[in-house]
2 protein chains.
Amino acid sequence: MNVHSFVCKFVFIRLIMDKKQAILKSVLRLVKRDGFYHLNMKKIAEEAGIAAGTIYLYFKGKEDVINALYKMIVTDFNQKVLDGYIESRSVKENFHEMLNNAIQFYLKERDYFSFIEQYTYAPFLFKENQDENFMLLLPIYKMMKEGKKQKVIKNLPDAILLSLIHGSMNTILKLHLAHKTDLNKKGIKQRFYDACWEAIAIAS
Amino acid sequence: MNVHSFVCKFVFIRLIMDKKQAILKSVLRLVKRDGFYHLNMKKIAEEAGIAAGTIYLYFKGKEDVINALYKMIVTDFNQKVLDGYIESRSVKENFHEMLNNAIQFYLKERDYFSFIEQYTYAPFLFKENQDENFMLLLPIYKMMKEGKKQKVIKNLPDAILLSLIHGSMNTILKLHLAHKTDLNKKGIKQRFYDACWEAIAIAS
DNA sequence: AAAATATAAATGAACGTTCATTCATTTGTT
DNA sequence: AACAAATGAATGAACGTTCATTTATATTTT
């Protein structure tokens, strides 16, 4: 393999990825706008500015597209949120940082939230693995475990702590996206973080 | 109108309602089992033990069926949960009672939860009115207001309190239905109620 | 360097299904 | 006989997917 062919191969892969991404981005926009129910291959192609058949060059079919998108979002989410975790910091600081990262993530990529919510509640729609549903909770688990060990977080069952953190985050995002509150206001966000922390922390 | 025709009319209405209910119950079971995506009129008819055309004698079409089901569930939920509200009782007691009613409601009618979750996140799918989404929150609103007035509930923005209560309830139900926890165990349920109350109550 | 050839990428009409809905007909009731 | 209720085959639109064809890109030959 000479340098020339190496460069060619690199460019080749990059282009494939670009088109794959373009298709996934289209799905994202469509699911947000019209919902899963009205999603179809022709629309996806139109939105991506390609022909319907082209999608099948990059994905096995509709299911494959949807699953690929889910995996992309989960990977992106976990990476960005776990980025906020620094061993040396206190649990409280890590909690704030990760919750903030999670909320910022969904505020920045608001289509992600809509997609994830709809995907999660479509039983056996496109799911290869039911446990996938809970992959988004990994960062919270990590933090909870450490907090319990250090006795700064209440010794409640994991499910309850998860509910208080993830559940309330979910709902406040929902309310934000429905314009029932405004997480961009600094005050609201801070008060939410604090309320959330108070809910799970051992009072000092 | 004589007694006979009155009886006839009564029976007539009852039968209509029975068939309507039978159709809605079928939808419920199918949505839980296969998801919204795989729902179709033939399946609904089969599940209800009637012919496909018969559905159109009772509903305008598919959308109408879905919307009717949603309205039925919301009405049922609000009634059953608000049943737990007694003016003379303390806010804390009312909170426990209503949260318990809500959870029992969804545990008893587990198909309801699956349906509501999927319906809520299908943007513009079958929704005549976007604000419908938040109709399930009415009972919580009522309690929150009173609690704030009596200064037993933290003076946080409604959206935050809602998130802590409704959001965490939602997630714990989700975890229960996915067998990640067991709300039927008395201990878990009680600890969840207490944790939830601690999250919103002013420490005494 | 241009032309010819080979390969890859993209297209969109066509296909077979599936679906919601309709309605002429049948079944049940008054 | 008269009416209401239920049927399910028929209909046509919509869908996911395929594939013969076209367009674009790369390679080889002249």
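Below, chains carry the letters A, B, ... as their sequence lines are ordered, and counting in each starts from 1.
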Exercise. Using a cut-off of 4.0 Å between protein heavy atoms and nucleotide atoms, how would you tag nucleotides 17-23 of chain C 5' to 3' with B, S and -?
Worked result: --SSBB-

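- The distance from atom CD1 of B:Ile50 to atom P of C:dT26 is 21 Å, rounded to the nearest whole Å.
- With rounding to whole Å, A:Asp18 atom CG is found 15 Å from C:dA9 atom C1'.
- With hydrogens and angles disregarded, a donor-acceptor distance shorter than 3.5 Å links the side chain of A:Lys43 to the backbone of A:His38.
- Every pair passing side-chain hydrogen bond (donor to acceptor under 3.5 Å, both in side chains) that includes a residue from residues 81-91 of chain B is listed here, sequence neighbours excluded: B:Ser90-B:Glu93.
- The one candidate from B:Arg33, B:Lys32, B:Arg29, B:Lys25 that meets the salt bridge (charged side-chain N to carboxylate O under 4.0 Å, His left out) condition with B:Asp111 is B:Lys32.
- Proximity of A:Lys19 to the phosphate of C:dA10: a side-chain N or O atom is located under 4.0 Å from OP1 or OP2.
- Taking the six-membered ring where tryptophan is involved, the planes of B:Phe36 and B:Tyr119 are tilted, since the angle between them lies from 30° to 60°.
- Among the nucleotides C:dG12, D:dT7, C:dA10, the one closest to any side-chain atom of A:Tyr58 is C:dA10.
- Residue B:Leu57 contributes atom CG, which lies 19 Å from atom P of D:dC3 at whole-angstrom precision.
- Between A:Trp197 and A:Phe95, the ring-plane angle classifies as tilted under the 30° and 60° cut-offs.
- Counting to the nearest Å, the C1' atom of D:dC15 and the CD1 atom of A:Ile44 are 12 Å from each other.
- Atoms CG and NZ, from B:Asn170 and A:Lys174 in turn, are 5.0 Å apart once rounded to the nearest 0.5 Å.
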